[in-house]
Amino acid sequence: MSKIDLSSEKRVKRRLLPKLPLPQISPLRSGWKGALIALSLVTLFIFLVQAYYYLGSRGILDYFVGTVLSLLAILIIMGVVAGLFHWAKKMPSRYIWFMLASFALLLISFLGPLSLTILVLLAIILCSSLLGALIYRLMKGAYREAARWVKVTTGTGTVFLFILFCILGYWLTSGSVVELKVPYPLQTVKTEKYKQTSLANPAELGTFPVKSITYSSNPTYRKDLNVPGHLTTETVDGSAFVGNWSSRRTNTFGFGPEAMPLNGTVWYPEGDGPFPLVLIVHGNHLATDYSDPGYAYLGKLLASRGYILASIDENFLNSSPYDDLFILDGLKDENRARGWLLLEHLKTWEAWNSSEGNPFYGKVDMQQLALIGHSRGGEAITIAANYNELTTYPEDANIKFNYHFNIRSLISIAGTDMQYKPGGQPIHLQDVNYLALHGSNDMDVNSFIGANQYYRTRFTENSNYFKSYVYIYGANHGQFNTAWGRTDVTGLGNLLFNTAELLSGEQQREAAEVLISSFLEATLRDKDQYRMVFQDLGYAREWLPNTMYTSNYWDGKTTMVSSYEEDYDPSTTTLPGGRLEGESLKVWKENKVKMVHSGDQYSAAFLEWDNTAAPSTPVYKVILPKSTIQTSKDSALVFSMANNDKLLDAGDTDALVDLTVSVEDEKGNTSSLPLSHISPLLPMFEGVLAKRPLGFLKTTKEPVFQNFVFHLTDFVEANSQLDPERISKISFSFDRSTKGNILIKDIGLRQ
């Protein structure tokens with residue numbers, strides 16, 4: 001009776017007690033306790049390693065403080081979240097708390113492709129938790145009295161989870177065995193024998209002895225630049241060009257935005273000069289892991305060939321997890337400062353060039369200037385070129401500009417685009433030579449957005465300026481800079497990326513040397529022979545590494561017939577009076593070109609055909625307006641095409657596309673050549689960014705336009721009756737590939 005009464009009394013007391021809204025922490029059973037310990041230890045180890053990547057370069061004290069504070073912050077935040085989940089009563093609050101904290105810490109540690117990251121995190125959490133629970137219960141003897149089948153099942157499950165955990169660890173820490181496959185290398189596609197020229201390999205060292213010197217503004221910051229014999233510069237006030245510069249950042253670097261230093265490392269030729277000046281600037285990286293030394297290979301090459309190259313230090317504008325509270329309190333709009341600082345460097349060089357006693361007195365050709373930018377630096381050089389032409393700062397007209405340097409050439413390496421828009425408008429370049437380089441396996445700037453700026457660059461008619469881009473299969477983001485290397489993100493996130501299918505660092509930098517040196521020779525030295533490299537990349541096939549390339553080209557001496565930017569009517573040309581016609585095409589329309597991670601920036605004609613269902617041979621025609629374009633035997637038909645093969649059957653996606661290109665004169669004489677006379681149209685390059693066998697979770701495959709140049713003399717050789725001075729029609733007949741889906745853009749005639 002007493003027991004019954006006691007239990008009744010307890011039930012009455014429970015009913016009388018108020019229900020507390022706050023979760024109550026109950027003791028953990030042995031399995032959950034093991035899961036908590038195992039998961040916490042695994043997560044803590046991973047996070048401590050990642051914290052070292054983020055903070056190790058700052059010293060042991062900052063590493064310790066930053067790591068402890070971030071751990072406490074995440075534990076507190078996730079403790080609150082766990083309290084909310086506690087109401088479900090399905091799992092102990094403490095496990096939920098630590099599980100959510102582990103998820104947050106692991107997410108910070110593995111900053112990779114989102115879908116793959118989530119999958120890996122769930123695998124780590126589940127494996128760690130289940131394995132920890134089983135091992136802990138076994139150690140506590142929870143299965144000592146259990147039935148044999150329970151023991152066998154538990155033991156088998158434990159072994160299976162352990163093996164699975166080891167496989168996951170091996171997959172993360174090992175590289176893929178798959179090598180980069182290059183089915184259509186430039187050296188094979190460009191089988192035509194190119195005319196012998198006097199061109200020498202622009203990536204070979206020149207004849208000038210190379211010297212080096214540094215310059216800096218702050219004696220306590222960047223002590224590696226404050227070496228004996230360095231040049232001293234004045235600081236500049238950049239506070240109007242960057243926002244949210246914290247006191248923590250000031251403490252780290254020893255200065256605020258009002259005293260930004262002008263720092264750089266210079267490689268220059270020994271000689272009297274004057275020599276063209278080239279500035280190169282890095283992009284975003286860890287601020288305390290300096291990026292500017294990574295272009296020494298370009299500095300030594302270009303200096304030996306008679307250029308002055310200065311690698312600019314803008315590391316203080318880069319991400320600093322300690323100062324930025326990881327990503328919660330970082331700099332704002334710093335790309336403006338990146339571009340503006342380049343102009344301030346040019347002011348310094350202009351002063352040195354006119355100052356007796358300075359080692360660069362009279363040695364700098366200030367009429368031959370080029371800017372090279374990598375990543376955010378690729379956008380910074382366009383900002384600099386834009387500011388260079390303005391009289392006031394777009395964001396504050398009270399700040400006056402008076403630069404007006406003769407910047408002739410811009411080179412963007414894996415550049416960003418439109419992270420900053422002056423006055424809310426995209427940057428349009430006018431009368432400046434422009435080159436963009438990008439890799440198909442860029443694991444940072446995944447999409448080729450440098451092409452956007454290419455199409456926003458215009459030239460005065462009959463000017464000598466040109467623009468080009470080269471898309472390099474197997475190139476990543478970082479190997480253009482030796483300090484960044486083969487991995488494109490910071491720390492453990494790189495374990496999720498596919499670095500096996502990349503060009504080697506030496507190959508990637510060799511491609512950069514060939515293309516950058518050729519571009520500078522053509523634009524700063526007016527050696528038009530090197531312009532041919534960009535008109536047809538086949539001229540560089542003996543110098544470039546063995547991989548696939550897609551290149552494009554346009555210049556001021558080319559008359560635009562159809563850019564597809566004038567309207568949405570598929571039958572009109574950009575040149576007034578022209579006409580576009582199509583026959584038996586499955587798809588014929590004009591639309592914006594969609595890239596993987598880029599806005600719709602430019603338009604093209606979308607053409608698809610299927611000869612098995614077409615009533616006649618599909619054809620696309622350009623009817624030229626009468627008496628508008630003057631052509632001769634020295635003229636050339638130019639256009640660019642991109643494969644849009646993602647809409648085709650899987651079996652057709654790797655096929656080279658060929659077709660027939662024809663021109664017709666006013667008397668009806670026609671001459672035809674296959675597209676493969678220059679080159680077949682390559683398929684879209686697919687960059688597998690995520691580590692295999694999960695590569696399908698992160699790939700890059702987008703239409704990149706390939707330029708074609710057909711000289712009218714070749715058409716005359718094919719039909720001597722053709723009058724090259726009276727061309728009236730251009731036709732693209734889709735008779736050499738049964739099916740196809742392509743984009744066509746920028747049809748023109750070059751004198």
Side-chain angles (χ1 to χ4, degrees), residues 370 378 382 385 408-412 415 417 426-438 448-471 515-516 518-520 522-523 526 528-540 549-566 573-575 578 590 593 595 601-605 622 624 629-631 634-642 661 675 678-679 681 703-712 730 732 742-751:
T382 66
R408 295 192 58 187
S409 303
L410 303 176
I411 302 175
S412 170
D417 183 55
I427 291 175
H428 291 263
L429 298 176
Q430 179 70 37
D431 290 341
V432 61
N433 299 293
Y434 180 78
L435 172 65
L437 307 180
H438 203 92
F448 184 18
I449 55 181
N452 295 339
Q453 187 62 69
Y454 171 89
Y455 289 111
R456 296 199 309 269
T457 300
R458 300 284 186 267
F459 307 128
T460 301
E461 188 176 355
N462 291 322
S463 65
N464 205 39
Y465 297 101
F466 76 89
K467 60 182 179 179
S468 180
Y469 64 64
V470 182
Y471 192 63
L515 297 168
I516 290 172
S518 294
F519 188 73
L520 294 177
T523 59
D526 295 322
D528 281 343
Q529 305 99 314
Y530 285 99
R531 183 185 293 244
M532 295 190 303
V533 167
F534 303 98
Q535 292 174 337
D536 189 335
L537 212 57
Y539 285 103
Y549 301 84
T550 297
S551 64
N552 211 344
Y553 174 91
W554 194 265
D555 62 31
K557 297 187 182 298
T558 304
T559 300
M560 179 69 75
V561 174
S562 194
S563 68
Y564 303 96
E565 304 292 349
E566 71 282 347
T573 60
T574 306
L575 195 66
E590 292 181 13
V593 179
M595 306 295 273
Q601 295 289 310
Y602 45 89
S603 300
V622 182
L624 300 176
I629 302 177
Q630 300 297 321
T631 58
D634 297 323
S635 301
L637 164 65
V638 301
F639 55 90
S640 60
M641 285 183 176
V661 182
L675 186 71
I678 302 300
S679 168
L681 180 62
V704 178
F705 285 88
Q706 175 181 343
N707 74 294
F708 295 86
V709 181
F710 282 79
H711 295 278
L712 294 190
I730 302 164
F732 302 93
I742 67 169
L743 311 179
I744 188 168
K745 185 170 176 58
D746 290 352
I747 302 172
L749 288 164
R750 180 172 302 142
Q751 305 305 320

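Just so you know, these numbers use all the heavy atoms, side chains as well, and skip hydrogens, waters and symmetry mates.
- Between Tyr454 and Tyr469, the ring planes are perpendicular. Angles over 60° get that label, and only those under 30° would be called parallel.
- Inter-residue side-chain proximity for Ile747 and Thr573 is flagged as unmet; no heavy-atom pair is nearer than 4.5 Å.
- Not one N or O on the side chain of Gln630 forms a donor-acceptor pair closer than 3.5 Å with the backbone of Gln751.
- In this structure the side chain of Leu749 never reaches within 4.5 angstrom of the side chain of Thr558, judged on heavy atoms.
- Judged as a ring-ring contact (aromatic ring centres under 6.0 Å, His included), and not counting sequence neighbours, Tyr465 has no contacts.
- Under the salt bridge (charged side-chain N to carboxylate O under 4.0 Å, His left out) criterion, the residue pairs touching residues 554-564 are Asp555-Arg750, with sequence neighbours excluded.
- Residues that satisfy the side-chain contact (heavy atoms from CB on, under 4.5 Å) test with Asp528, not counting sequence neighbours, are Asn464, Arg531.
- Using a 4.5 Å cut-off on side-chain heavy atoms (C-beta onward), Pro703 and Val593 make contact.
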Determine, step by step, whether Asp431 and Ser463 satisfy the side-chain contact (heavy atoms from CB on, under 4.5 Å) criterion, reporting the C-alpha distance in whole Å, the side-chain angles of both residues, the deciding distance to 0.1 Å, and the verdict.
CA-CA 8 Å; Asp431 290 341; Ser463 65; 4.2 Å; yes

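- Applying the side-chain contact (heavy atoms from CB on, under 4.5 Å) test to Ser563 and every residue at least two apart in sequence or in another chain returns Met560, Glu565, Glu566, Thr574, Asp746.
- No side-chain heavy atom of Val561 sits under 4.5 Å from any side-chain heavy atom of Ile730.
- To the nearest 0.5 Å, atom CG of residue Leu537 and atom OG of residue Ser518 are 9.0 Å apart.
- Here Thr382 contributes atom OG1 and Ile427 contributes atom CD1; the two are 4.0 Å apart, rounded to the nearest 0.5 Å.
- Side-chain contact check for Gln601 versus Arg456: some heavy-atom pair is nearer than 4.5 Å.
- Here the CD-OG1 distance, from Glu461 to Thr559, works out to 6.0 Å after rounding to the nearest 0.5 Å.
- Checked against side-chain contact (heavy atoms from CB on, under 4.5 Å), Ser409 has the following partners two or more places apart in sequence or in another chain: Ala370, Asn433, Phe519, Thr523, Leu524.
- Ring geometry for Tyr455 against Tyr602 counts as tilted: the plane angle lies between 30° and 60°, on a 0 to 90° scale.
- To the nearest 0.5 Å, atom CG of residue Leu624 and atom CD1 of residue Ile629 are 5.0 Å apart.
- Of all heavy-atom pairs spanning Ser603 and Tyr564, the tightest one is CB-O, 3.1 Å.
- For the pair Val638 and Tyr553, the minimum side-chain heavy-atom distance is 4.5 Å or more.
- From Lys745, atom NZ reaches atom CG of Asn552 across 9.5 Å, with rounding to the nearest 0.5 Å.
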Would you sort out whether Ile516 and Leu437 count as a side-chain contact (heavy atoms from CB on, under 4.5 Å), showing the intermediate values?
CA-CA 9 Å; Ile516 290 172; Leu437 307 180; 4.1 Å; yes

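- The side chain to side chain donor-acceptor pair (under 3.5 Å) search around Thr631 returns none, not counting sequence neighbours.
- Note that CD1 of Ile744 is 6.0 Å distant from CZ of Phe639, once rounded to the nearest 0.5 Å.
- The nearest pair of heavy atoms linking Gln430 to Phe459 is NE2-C, 3.5 Å.
- When all heavy atoms of Gly748 and Trp554 are compared, the pair lying nearest together is CA-CH2, 4.0 Å.
- Across all non-hydrogen atoms, the minimal contact from Leu520 to Ile411 is CD2-CD1, 4.1 Å.
- The closest side-chain donor-acceptor pair between Ser412 and Gln453, if any, does not fall under 3.5 angstrom.
- Side-chain atoms of Lys467 come within 3.5 Å of backbone atoms of Thr457 as a donor-acceptor pair (strictly under, hydrogens ignored).
- The side-chain heavy atoms of Ser551 and Phe534, taken from C-beta on, include no pair separated by under 4.5 Å.
- Looking at heavy atoms from C-beta onward, Val709 lies out of side-chain contact with Ile678 at the 4.5 angstrom threshold.
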